[in-house]
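Atoms considered below: every heavy atom in the structure, side chains included; atoms not considered: hydrogens, waters and symmetry mates. Each chain gets a letter, A, B and so on, in the order its sequence line appears, and its residues count up from 1.
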Amino acid sequence: MERIAVIDFETTGISPGADCRATEIAAVLVENGRVVDRYQSLMNAGVRVPAFIEQLTGISTAMLKSAPSAATVMAEVADFVGAAPLVAHNAAFDQKFWDAELARIGRERQQPFACSLLLARRLLPDAPNHKLGTLTRWAGLPATGQAHRALADAEMAANLLGHLHERLASHYGLRQVSHPLLCQLQKVPAAKVDAFLARAAGRA
DNA sequence: TGCCAGGCCCTCTTTAGGGCCTT
């Protein structure tokens with residue numbers, strides 16, 4: 001399996017803008033189902049953290065004041081990730097912030113995102129819901145630390161991705177699952193997932 | 001001025017509405 005980067009942002013809100021910025025980023029590099037390297041940093045974008053976000057994440061305005069600048073951190077994490085294809089839980093959210101924060105330093109994403117939320121909806125339809133924490137507990141995956149902190153959530157998503165790979169192997173006989181195949185699978189209508197994966201296994 | 005996310009996915013659908021998921 002190729003090297004994949006699983007990322008997670010903590011932010012001050014739901015959609016990037018002048019008042020809504022990233023506060024923390026983590027990236028974990030996964031090879032052959034194992035985490036081989038990690039990056040995590042708070043980042044100071046010069047914004048205040050709303051009270052309810054501080055309550056959710058434990059990240060305060062005071063903590064950000066002593067953190068490196070968002071520009072420094074984004075340059076570091078983009079170099080850390082390199083050309084590895086990306087995965088995030090509800091990737092539409094992290095992709096918006098990844099692209100917006102990179103644009104602020106004049107850089108542009110080159111690689112595609114896959115979404116562990118869309119994949120879990122297709123491969124784990126019996127889960128009570130598809131929140132990252134629920135899936136982690138439901139699948140019996142290890143605790144990774146304080147939820148709603150970037151590294152703990154990125155490692156949870158990496159573990160979930162490993163669980164999805166095991167599911168593809170055990171139920172569909174797919175032992176080599178590429179990132180492009182994941183990107184295709186996350187768009188397949190739920191009713192056609194079995195047929196799609198049967199065809200993929202036939203080609204493999 | 002007033003607004004303030006948005007794509008996915010199901011259904012009591014398709015001339016639409018609302019819950020899910022991320023912070």
Side-chain angles (χ1 to χ4, degrees), chain A residues 5-28 40-64 67 70 73-74 77 81 86-104 109 112-139 141 144-161 163-164 182-197:
Chain A
V6 183
I7 71 157
D8 185 77
F9 275 106
E10 304 305 319
T11 74
T12 60
I14 217 71
S15 190
D19 295 330
C20 184
R21 297 287 304 275
T23 58
E24 188 178 48
I25 175 81
V28 298
Q40 178 189 32
S41 182
L42 292 168
M43 65 177 89
N44 183 2
V47 292
R48 284 183 51 80
V49 179
F52 83 98
I53 295 284
E54 180 175 343
Q55 182 130 18
L56 178 70
T57 66
I59 297 170
S60 67
T61 305
M63 289 165 66
L64 298 183
V73 171
M74 287 308 300
V77 71
V81 165
L86 295 163
V87 172
H89 198 69
N90 197 11
F93 174 85
D94 292 278
Q95 180 178 324
K96 278 190 302 186
F97 279 92
W98 182 265
D99 290 351
E101 293 292 349
L102 277 190
R104 288 177 177 272
R109 175 173 53 90
F113 263 95
C115 177
S116 57
L117 167 64
L118 295 181
L119 293 167
R121 281 178 175 161
R122 285 159 177 77
L123 297 173
L124 307 174
D126 296 332
N129 62 55
H130 295 90
K131 295 178 182 177
L132 185 56
T134 301
L135 290 170
T136 293
R137 289 185 293 274
W138 180 77
L141 300 172
T144 57
Q146 183 188 348
H148 296 297
R149 286 301 298 265
L151 185 59
D153 283 5
E155 294 213 48
M156 265 196 279
N159 290 336
L160 173 59
L161 184 66
H163 184 73
L164 296 175
L182 295 179
C183 289
Q184 285 184 279
L185 174 58
Q186 70 186 11
K187 296 177 185 170
V188 173
K192 297 184 178 177
V193 164
D194 283 353
F196 173 84
L197 290 173

With [atom1] as the reference atom in both, quote the distance from [N] to [M] in angstrom, rounded to an integer.
{"N": "dG7(B)", "M": "dG2(B)", "atom1": "C1'", "result": "25 Å"}
{"N": "dC3(B)", "M": "dT22(B)", "atom1": "P", "result": "29 Å"}
{"N": "dC9(B)", "M": "dT14(B)", "atom1": "C1'", "result": "14 Å"}
{"N": "dT23(B)", "M": "dC4(B)", "atom1": "C1'", "result": "16 Å"}
{"N": "dC8(B)", "M": "dC12(B)", "atom1": "P", "result": "22 Å"}
{"N": "dG19(B)", "M": "dT13(B)", "atom1": "C1'", "result": "15 Å"}

Specify the separation, in whole Å, of atom [atom1] of [X] and atom [atom2] of [N].
{"X": "L123(A)", "N": "dC9(B)", "atom1": "CG", "atom2": "C1'", "answer": "16 Å"}
{"X": "L118(A)", "N": "dT22(B)", "atom1": "CG", "atom2": "C1'", "answer": "12 Å"}
{"X": "I14(A)", "N": "dC3(B)", "atom1": "CD1", "atom2": "P", "answer": "21 Å"}
{"X": "L119(A)", "N": "dC9(B)", "atom1": "CG", "atom2": "P", "answer": "10 Å"}
{"X": "L64(A)", "N": "dT23(B)", "atom1": "CG", "atom2": "P", "answer": "16 Å"}
{"X": "F113(A)", "N": "dG7(B)", "atom1": "CZ", "atom2": "C1'", "answer": "15 Å"}
{"X": "E24(A)", "N": "dT22(B)", "atom1": "CD", "atom2": "P", "answer": "16 Å"}
{"X": "L135(A)", "N": "dC20(B)", "atom1": "CG", "atom2": "C1'", "answer": "12 Å"}

Are any non-hydrogen side-chain atoms of L64(A) and I59(A) less than 4.5 angstrom apart?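 With C-beta onward as the side chain, the pair touches.
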
Min side-chain heavy-atom separation I25(A)-V73(A) under 4.5 Å: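 In contact.
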
Determine the sole option in L141(A), L132(A), L161(A) for which the side-chain contact (heavy atoms from CB on, under 4.5 Å) test with M156(A) is passed.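 Exactly one candidate clears the test, L132(A).
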
Within the 4.0 Å heavy-atom criterion, would you say [X] contacts the bases, only the backbone, or no part of the nucleic acid?
{"X": "N129(A)", "answer": "sugar-phosphate"}
{"X": "L117(A)", "answer": "sugar-phosphate"}
{"X": "D153(A)", "answer": "sugar-phosphate"}
{"X": "T57(A)", "answer": "sugar-phosphate"}
{"X": "F9(A)", "answer": "sugar-phosphate"}

Any idea how W98(A) and F113(A) line up, ring-wise: parallel (<30°), tilted (30 to 60°), or perpendicular (>60°)?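 Answer is perpendicular, since the angle exceeds 60°.
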
Smallest separation among heavy atoms of R104(A) and G17(A), with atom names: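 Closest approach of R104(A) to G17(A): NH2-O, 3.7 Å.
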
Side chain of R121(A) only, please: which of dT23(B), dC10(B), dC8(B) is the nearest?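 Of dT23(B), dC10(B), dC8(B), dC8(B) is nearest to the side chain of R121(A).
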
I want to verify a distance call: between dT23(B), dC8(B), dG6(B), whose nearest atom is closest to the N90(A) side chain?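 So the nucleotide nearest the side chain must be dG6(B).
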
Comparing Q186(A) and D94(A) on DNA chain B - which has the more 5′ nearest nucleotide: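 Closest to the 5' end, via its nearest nucleotide, is Q186(A).
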
Which is more 5' along DNA chain B, the nucleotide nearest A190(A) or the one nearest K96(A)? Just name the residue.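 Counting from the 5' end, the first nearest nucleotide belongs to K96(A).
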
Reckon [X] has a side-chain N or O less than 4.0 Å from the OP1 or OP2 of [N]?
{"X": "H130(A)", "N": "dC21(B)", "result": "yes"}
{"X": "H89(A)", "N": "dC21(B)", "result": "no"}
{"X": "R122(A)", "N": "dC9(B)", "result": "yes"}

Could you tell me which residues satisfy side-chain hydrogen bond (donor to acceptor under 3.5 Å, both in side chains) with D19(A), sequence neighbours excluded, listed by chain and number?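 D19(A): no side-chain hydrogen bond (donor to acceptor under 3.5 Å, both in side chains) contacts found.
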
